[in-house]
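Some notes on the structure that comes next.
Naming convention: chains lettered A, B, ... in sequence-line order (proteins, then strands); numbering from 1 in each chain. The structure presented is a predicted model; accordingly, all values stated were derived computationally and were not measured.
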Amino acid sequence: MALVLIKSDERPDPARAGGPQSASGPQDVLPRSFYQRPTLLVAQALLGKTLVHGDLRVRIVETEAYLGPDDLASHAAGWRRTPRNEVMYGPAGHAYVYFIYGMYFCLNVVTEDEGFPTAVLIRAGDPGARGPGVLCRELGLTREHNGLDLTAGGSLRIEAGPPPREKVVEAPRVGVDYAADWAAKPLRFYLDGNPWVSRKLRGRQPDVR
DNA sequence: CATTCGATCGAC
DNA sequence: TCGATCGAATGA
């Protein structure tokens, strides 16, 4: 039995560690300690959380984990360090937004310790954002948002919330066939049955190969 | 400087 | 299955 499907939110969630505040608002913003944990765990813990940009809000329903220098599908594979992926080497809780295929942007959240390049790609949001490119388009996210601190209480942030009721499904990542044995690893996670999860992935059996 | 390719998407 | 579309990465 794999060590996945951890109910990470059951453990001490810093955002809920009884502060003097209550109700909703900036105090629900996920703190850096949420992100500065194992990427695999953060990828699953983000499911069900609310991604906010200004007045726009979506529920995160699909993510992918990029595990670091050994991960051949990662932009930081082999410790590659370029202007583009620089924020992956920075502190957790910052946005890594990059331009892809000449027309889309993709949003990641940086995880783990500063200096170790890992991140989680946000792939879909409920409602209206089926796929990472569409998600950024719908939320108005571009290169301007690259590097922003998601924990600073600004217009771009992720808010806490209860664990999702849905079952968390694991599956291989998308578009990384070039990554040899890393392509088949179950590093994608999504909420079972959610209509906004990427199309190809929904109808299909998770572990087929 | 030239060339290749991509953590995508939606139409066919 | 394929074309759109162009910046980032790589190599000459």
Side-chain angles (χ1 to χ4, degrees), chain A residues 35 38-47 51 53 58 60-90 92-112 116-148 150 156 158 168-191 194-204 206 208-209:
Chain A
Y35 302 99
T39 304
L40 206 52
L41 191 156
V42 176
Q44 295 174 60
L46 280 171
L47 295 174
L51 173 61
H53 183 215
V58 296
I60 297 172
V61 296
E62 182 183 349
T63 62
E64 278 180 0
Y66 286 84
L67 301 185
D70 290 340
D71 183 351
L72 296 180
S74 172
H75 287 171
W79 291 100
R80 182 155 41 109
R81 188 165 185 161
T82 67
R84 181 179 68 164
N85 69 11
E86 184 61 30
V87 303
M88 289 185 77
Y89 287 82
H94 286 249
Y96 169 39
V97 182
Y98 66 89
F99 187 61
I100 189 68
Y101 292 119
M103 55 185 92
Y104 298 104
F105 290 94
C106 289
L107 168 68
N108 296 253
V109 298
V110 176
T111 57
E112 303 195 29
F116 191 69
T118 52
V120 172
L121 172 66
I122 309 298
R123 286 195 58 89
D126 182 353
R130 189 178 284 133
V134 172
L135 182 140
C136 282
R137 190 188 67 196
E138 294 303 307
L139 290 180
L141 300 177
T142 69
R143 63 175 87 264
E144 301 172 18
H145 301 91
N146 186 43
L148 291 186
L150 297 169
L156 181 61
I158 299 177
V168 173
V169 182
E170 59 179 69
R173 293 174 295 186
V174 176
V176 296
D177 291 343
Y178 59 85
D181 53 316
W182 281 86
K185 294 180 185 293
L187 297 178
R188 173 156 51 92
F189 305 96
Y190 62 88
L191 295 180
N194 189 282
W196 296 100
V197 168
S198 307
R199 273 200 176 147
K200 309 174 178 178
L201 323 172
R202 246 186 316 145
R204 175 182 148 202
V208 291
R209 48 158 293 133

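Every pair passing side-chain hydrogen bond (donor to acceptor under 3.5 Å, both in side chains) that includes a residue from residues 102-111 of chain A is listed here, sequence neighbours excluded: A/Thr39-A/Thr111, A/Thr111-A/Thr118.
With sequence neighbours left out, the ring-ring contact (aromatic ring centres under 6.0 Å, His included) criterion links A/Phe116 to A/Trp79. Residues forming a side chain to side chain donor-acceptor pair (under 3.5 Å) with A/Asn85 (at least two apart in sequence, or on another chain): none.
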With B for base contact, S for sugar-phosphate-only contact and - for none (protein heavy atoms under 4.0 Å), nucleotides 5-12 of chain C reads BBSSSS--

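As rounded to whole Å, 11 Å separates atom C1' of C/dG3 from atom OH of A/Tyr104. As a whole-Å value, the separation of A/Arg130 CZ from B/dA7 C1' is 19 Å. Between the CZ atom of A/Arg137 and the C1' atom of B/dC9 there is a distance of 9 Å, given to the nearest Å.
At least one side-chain heavy atom of A/Val168 sits under 4.5 Å from a side-chain heavy atom of A/Leu191.
Distance check on atom P: C/dT5 versus B/dA2 gives 23 Å, rounded to whole Å.
Aromatic ring centroids of A/Tyr98 and A/His75 lie under 6.0 Å apart.
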Give the table of side-chain donor-acceptor pairs shorter than 3.5 Å for residues 132-143 of chain A, with sequence neighbours excluded, one pair per line with atom names and distance.
from: A/Thr142; atom 1: OG1; to: A/Glu144; atom 2: N; distance (Å): 3.3

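Looking at A/Arg123 and A/Glu64, a side-chain N of the basic residue comes within less than 4.0 Å of a carboxylate O on the acidic one, giving a salt bridge.
Annotated stems with DNA chain B as a participant read B:1-6 with C:6-11, B:8-11 with C:1-4, given as range with range, by first number; only runs of 3 or more Watson-Crick or G-U pairs under 3.5 Å qualify.
When the options A/Glu86, A/Arg80, A/Met88 are evaluated for a side chain to side chain contact (heavy atoms under 4.5 Å, CB included) with A/Arg84, the one that passes is A/Arg80.
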